[in-house]
There are 2 protein chains.
Amino acid sequence: MRIGKVAEGAGVSVRALRYYEEQGLVIADRSPSGHRQYPESAVERVKFIQLLYSAGLSSKAILQVLPFLDTLVATPRMTQRLKDERDRIRTQIDDLTRARDRLDELIGLATESAISPATCSASVDAAT
Amino acid sequence: MRIGKVAEGAGVSVRALRYYEEQGLVIADRSPSGHRQYPESAVERVKFIQLLYSAGLSSKAILQVLPFLDTLVATPRMTQRLKDERDRIRTQIDDLTRARDRLDELIGLATESAISPATCSASVDAAT
DNA sequence: CTTGATCCTCACGTTGACGTGAGGTTTTAG
DNA sequence: CTAAAACCTCACGTCAACGTGAGGATCAAG
């Protein structure tokens, strides 16, 4: 597979794939002419990388976790990193949940005050 | 209240408070000598701003929803913005939850392979 | 053989929320 | 009164994950 197809399949840009290689996250063979050659599995791998990025992991953090996908052997260091990141994600979920609840409150108040057409006409009626 | 106390109370840097003012998120009076003067309520306000930042809102987005806190009057535009951001946070929570679950899987596999001391000695026993 | 699509390697540009001095004034504790 | 602490305004630095040309080679189709 060439880079364009992988990009399309994984839903990322070609530039992103080159960047991932630069970071050591994806390894690509080269054709004699220098074009990158990816195995089919690269698409899934990149999707997983994207998942971790969207979860807020840095390239370095991903780099420390990815080898496990390949070898299925975890050093204590890798296991710890996995747990650390999971815990970080947990607290971030909690933060987001709090923020969402606060926004829900505000939206409640906002839509309440938005009934003002009726409320307003009522008070206008009362005023007249 | 002066800037240092607000920073301490809200758990942010002095620089951050100046930045918030620059963005129009916090308004501060000035003493005759030019020092910023905040009302007590500034601490809670800044905490709320931090909550929104940590939820991924940009300064501009915060600027569009904050007036509601002051006036308790929401324009349709503000209400829509509130809903948009809440929905964005919802999907982000979903993304994070998926990522957390994937990591939990991996941690499961990792700790499983980490029982290898016993497993290993067992297989060593079997091998001998 | 040619041309348009795809690929390559530099290498600088972008964005947001601050960090970090530089150089100077004001406040406060003793 | 004096020194340290706190404050002020510029204004440049940072960091990560790419975006965006520049300038050129390679590939697939007709």
Side-chain angles (χ1 to χ4, degrees), chain A residues 1-39 42-43 45-66 85 88-89 92 95-96 99, chain B residues 1-39 42-43 45-66 85 88-89 92 95-96 99:
Chain A
M1 256 185 134
R2 281 166 39 182
I3 196 170
K5 294 301 175 188
V6 177
E8 187 184 3
V12 303
S13 70
V14 168
R15 174 67 172 106
L17 291 179
R18 298 206 185 101
Y19 176 75
Y20 296 164
E21 184 177 11
E22 195 180 314
Q23 301 300 308
L25 303 179
V26 181
I27 309 158
D29 280 357
R30 297 303 181 107
S31 76
S33 61
H35 288 187
R36 290 172 178 80
Q37 281 297 330
Y38 297 86
V43 173
R45 188 184 180 89
V46 170
K47 280 184 182 173
F48 183 62
I49 292 175
Q50 277 294 109
L51 181 74
L52 295 182
Y53 269 129
S54 74
L57 278 78
S58 66
S59 293
K60 206 178 71 176
I62 296 177
L63 188 57
Q64 289 180 30
V65 164
L66 266 186
E85 293 296 344
R88 198 187 50 71
I89 293 174
Q92 197 182 344
D95 288 353
L96 286 173
Chain B
M1 258 186 132
R2 281 166 40 182
I3 196 170
K5 294 299 174 188
V6 177
E8 187 184 1
V12 303
S13 70
V14 167
R15 174 66 172 107
L17 291 179
R18 298 206 185 101
Y19 176 74
Y20 297 165
E21 184 177 10
E22 195 179 315
Q23 301 299 308
L25 303 179
V26 182
I27 308 158
D29 280 357
R30 296 305 180 106
S31 77
S33 61
H35 288 187
R36 291 174 179 79
Q37 282 296 331
Y38 297 86
V43 172
R45 188 184 180 88
V46 170
K47 280 184 183 172
F48 183 62
I49 291 175
Q50 276 295 108
L51 181 74
L52 295 182
Y53 270 129
S54 74
L57 278 79
S58 66
S59 292
K60 206 177 71 176
I62 296 177
L63 188 57
Q64 289 180 30
V65 305
L66 264 187
E85 293 297 343
R88 198 187 49 71
I89 293 173
Q92 196 182 344
D95 287 353
L96 286 173

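These numbers come from a predicted model, not from an experiment. Side chains are part of it too, since the values below use all heavy atoms of this structure and drop only hydrogens, waters and symmetry mates. Chain letters run A, B, ... following the sequence lines, proteins first, then strands; residues in each count from 1.
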Asker: Could you check if a side-chain atom of Arg36(B) sits within less than 4.5 angstrom of a side-chain atom of Arg30(B), using non-hydrogen atoms only?
Answerer: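 In contact.
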
Asker: Will you find, in the side chains of Ser59(B) and Tyr53(B), an N or O donor that is under 3.5 Å from an N or O acceptor?
Answerer: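 Ser59(B) vs Tyr53(B): donor-acceptor pair found between side chains.
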
Asker: What's the closest nucleotide to the side chain of Tyr19(A) if the choices are dT9(C), dC18(C), dA16(D)?
Answerer: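 Between dT9(C), dC18(C), dA16(D), the one nearest the side chain of Tyr19(A) would be dA16(D).
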
Asker: Identify which nucleotide among dC8(C), dC7(D), dC18(C) has an atom closest to any side-chain atom of Tyr53(B), counting heavy atoms from C-beta outward.
Answerer: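 Minimum distance to the Tyr53(B) side chain belongs to dC18(C).
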
Asker: Do Val46(A) and Val26(A) have side-chain heavy atoms sitting under 4.5 Å apart?
Answerer: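 Side chain of Val46(A) against side chain of Val26(A), heavy atoms only: contact under 4.5 Å found.
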
Asker: Please determine, for the side chain of Arg30(A), which listed nucleotide (dT9(C), dC7(C), dC7(D)) has the closest atom?
Answerer: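 Side chain of Arg30(A) sits closest to dT9(C).
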
Asker: CD of Glu21(B) versus P of dA17(C): gap in Å, rounded?
Answerer: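 Roughly 17 Å, once rounded to whole Å.
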
Asker: In whole Å, what is the span from the OH atom of Tyr38(A) to the P atom of dT6(C)?
Answerer: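 These atoms are roughly 16 Å apart.
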
Asker: What is the distance, rounded to the nearest whole Å, between atom CD of Gln50(B) and atom P of dC18(C)?
Answerer: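 Answer to the nearest Å: 6 Å.
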
Asker: Does dA11(D) have OP1 or OP2 under 4.0 Å away from a side-chain N or O of Arg18(B)?
Answerer: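 No, outside the criterion.
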
Asker: If only side-chain N and O atoms of Ser13(A) are considered, is one of them under 4.0 Å from the OP1 or OP2 phosphate oxygen of dG19(D)?
Answerer: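 Checking Ser13(A) against dG19(D): at least one side-chain N or O falls below 4.0 Å of OP1 or OP2.
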
Asker: Below 4.0 angstrom from OP1 or OP2 of dA6(D), is there any side-chain N or O of Arg2(B)?
Answerer: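 Answer is no, no contact under 4.0 Å.
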
Asker: Tell me whether the side-chain N/O atoms of Tyr20(B) come closer than 4.0 Å to OP1 or OP2 in dC18(C).
Answerer: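 Yes, within the criterion.
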
Asker: Run through Ile89(B), Leu25(B), Ile62(B) and flag the one making a side-chain contact (heavy atoms from CB on, under 4.5 Å) with Leu52(B).
Answerer: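 Looking at Ile89(B), Leu25(B), Ile62(B), the match for Leu52(B) under the side-chain contact (heavy atoms from CB on, under 4.5 Å) is Ile62(B).
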
Asker: Should the pair Arg18(B)-Glu21(B) be classified as a salt bridge under the 4.0 Å nitrogen-to-oxygen rule?
Answerer: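 The answer is no: the pair does not qualify as a salt bridge.
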
Asker: Report the distance from atom CG of Leu17(B) to atom C1' of dC7(D), rounded to the nearest whole Å.
Answerer: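 Rounding to the nearest Å, CG of Leu17(B) and C1' of dC7(D) are 13 Å apart.
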
Asker: Starting at atom CD1 of Ile62(A), determine the distance to atom P of dA16(D), rounded to an integer number of angstrom.
Answerer: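 Distance check: Ile62(A) CD1 to dA16(D) P gives 13 Å.
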
Asker: Rounding to a whole Å, what distance do you find between Lys5(A):NZ and dC27(D):P?
Answerer: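 It is 17 Å, rounded to the nearest whole Å.
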
Asker: Return the value, rounded to whole Å, for the distance between atom CG of Asp29(B) and atom C1' of dC7(D).
Answerer: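 Atom CG in Asp29(B) sits about 16 Å away from atom C1' in dC7(D).
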
Asker: Does a nitrogen or oxygen in the side chain of Ser33(B) sit under 4.0 Å from OP1 or OP2 of dT25(C)?
Answerer: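 No, no such contact exists.
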
Asker: Using whole Å, report how far CD of Glu22(B) lies from C1' of dG16(C).
Answerer: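 Checked: the CD to C1' distance equals 12 Å.
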
Asker: With nearest nucleotide decided by heavy atoms, which residue, Pro32(B) or Ser58(B), maps closer to the 5′ end of DNA chain C?
Answerer: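 Its nucleotide being nearer the 5' end, the pick is Ser58(B).
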
Asker: Classify the nucleic acid contact of Ile49(B) as base, sugar-phosphate or nothing, counting any heavy atom under 4.0 Å across all strands shown.
Answerer: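 Touches nothing.
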
Asker: Is the distance from OP1 or OP2 of dT20(D) to the nearest side-chain N or O of Arg15(A) less than 4.0 Å?
Answerer: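 Answer is no, no contact under 4.0 Å.
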
Asker: Output the single nucleotide from dC8(D), dA17(C), dC18(C) whose closest atom is nearest the side chain of Ser59(B).
Answerer: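 Of the options given, the side chain of Ser59(B) lies nearest dA17(C).
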
